[in-house]
Protein chains: 2
Amino acid sequence: MSTASARAYDLIRSLILEGRFAPGERLKEEELTDLCGVSRTPVREGLRRLAIEGLVVVTPHQGAQVAAIGEGELAEIYALRAMIEGHAAGRAAVLIGDDDIAKLKALASEMEAAVAAANSDLGGGAAELNARFTPANSEFHRIILDAAMSPRLAAMAALVVEIPLILRTLARYSDAELMRSLQHHRELIAAFEARDEDWARSVMRSHVLAASHAVVRPGVGRVQPD
Amino acid sequence: MSTASARAYDLIRSLILEGRFAPGERLKEEELTDLCGVSRTPVREGLRRLAIEGLVVVTPHQGAQVAAIGEGELAEIYALRAMIEGHAAGRAAVLIGDDDIAKLKALASEMEAAVAAANSDLGGGAAELNARFTPANSEFHRIILDAAMSPRLAAMAALVVEIPLILRTLARYSDAELMRSLQHHRELIAAFEARDEDWARSVMRSHVLAASHAVVRPGVGRVQPD
DNA sequence: AGCCTCAAGATCGCATACAATCACCGAGCC
DNA sequence: GGCTCGGTGATTGTATGCGATCTTGAGGCT
């Protein structure tokens, strides 16, 4: 059995990423104690860990609150993400194995299918798209990150890949942007098969920066409607 | 008064960076309790934080041990550091204030003086050089990182700037390498005064990569003399 | 009316006690 | 003789109690 700390961490993290807590909302330790079914000690440990990962901010004697991020910060985060994931893709290009490439292909197909289903009138639309696309997309990026074989790089990525997820940004993508994203995935796979480090890095940078512009769009999709 | 957690964290971190603990050495919580003068709870918090920063590794039910890093990992860490600090220098070039530039100049002078003193026969040599140079150098890099005004970037930097310090790498620098390092500092300041983002990033990358080659030198300066 | 003071309640930080787990070691068995 | 299997000690993980600090609201003062 895993430790209670880990379970508390996972649960709180999931709740935040699912949007069950509003950005800026205060997280009281006793509340989380009830939710997690463990004592305050492991809850505190999980909270501190999340704080270092940037999902919550803790101020001494004031407790923790869900991180709230502004437009400017989001743009900066995407710039960092382009740098980190680009680097990872470059390393992955020379280190990745054929089995992982096969998995990436399957995930790319899954994402394409998800988009096709949503575009046909039968599909449920944005919600269903999100449900199918997002997990595959996350897995896609995770495989690349793991292939880079650098725990420190992975730790850095953790600092920037999850924040945008809080905002559940997918729904804002236009059709053209989604298509471009799918093409990036295929191009990335091609770069991996060619073992071309520069190509892979470049495509990944494009992929992330494109996503950035789909998300930090002035006046559209504000986090906190006012 | 600061919290006991913070003090425990600072103390353990200092001890590791000073080399009081050998890489790979196991850190028992009760030992640290005695050293820090606080209870196990804040010691544990500090340990977990250090684990995320990569200075120690903790395995469940097995406690913490000082991170031991190999040559390959070190090269990878320097590559990451070049990326991170290069990015930071680029941002800093457009954001830094004149007061910070003045501080950088003072620190550059201090480092030059330290090298000059060590090179003259009066100076105590490598040990004294280390004592004067290293703090000024750390402060130099810290100011640039702060000027970038990005807490996430700072968090990433924390993952890679401290590891090389465990190995106390300065003593291995040749005279030529030290001179080059000093020139990099001056060039960086020039790039800041010119507000040239690309120039600053490029110089910082050179600075870090040069340091990398001074450290990960095959067969020279092994961490654990055997 | 607005601001400051201050006390009560709530919450966090730390210390300590207890429970769970692991490593080490010796005895027994194949 | 080597291997496996419990027993024991040490160490970590978790829960809880107490003191410290912050927030909040009411009351009085300017």
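Both backbone and side-chain heavy atoms feed into the values below; hydrogens, waters and symmetry mates do not.
You can see that DNA chain D meets the heavy atoms of chain B within a 4.0 Å-exclusive cut from D:dT11 to D:dT14, reading 5' to 3'.
Taking A:Asp98 as the reference, A:Ile101, A:Arg195 meet the side chain to side chain contact (heavy atoms under 4.5 Å, CB included) condition, with sequence neighbours excluded. For B:Ala211, the side chain to side chain contact (heavy atoms under 4.5 Å, CB included) criterion is met by B:Tyr78, B:Tyr173, not counting sequence neighbours. Annotation: side chain to side chain donor-acceptor pair (under 3.5 Å) contacts of A:Arg132 (sequence neighbours excluded): A:Glu110. Take B:Phe140 and apply the ring-ring contact (aromatic ring centres under 6.0 Å, His included) test, not counting sequence neighbours, and it matches B:His185. Considering only residues two or more places apart in sequence or on other chains, B:Asp34 meets the side chain to side chain donor-acceptor pair (under 3.5 Å) condition with none of them.
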Side-chain donor-acceptor pairs of residues 82-93 of chain A under 3.5 Å, sequence neighbours excluded:
unit_1	atom_1	unit_2	atom_2	d
A:Glu85	OE1	A:His141	ND1	2.9
A:Glu85	OE2	A:Arg81	NE	2.7
A:Glu85	OE2	A:Arg81	NH2	3.2
A:Arg91	NE	A:Ala148	O	2.9
A:Arg91	NH2	A:Ala148	O	3.2

* Could you write nucleotides 5-14 of chain C as a row of B, S and -, 5' to 3', where a protein heavy atom under 4.0 Å of any base atom gives B, of only sugar-phosphate atoms gives S, and otherwise -? -> ------SBBS
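Listed by first and then second residue, the side-chain hydrogen bond (donor to acceptor under 3.5 Å, both in side chains) pairs involving residues 143-165 of chain B are A:Glu76-B:Ser150, B:Arg13-B:Glu162, B:Arg142-B:Asp146 (not counting sequence neighbours).
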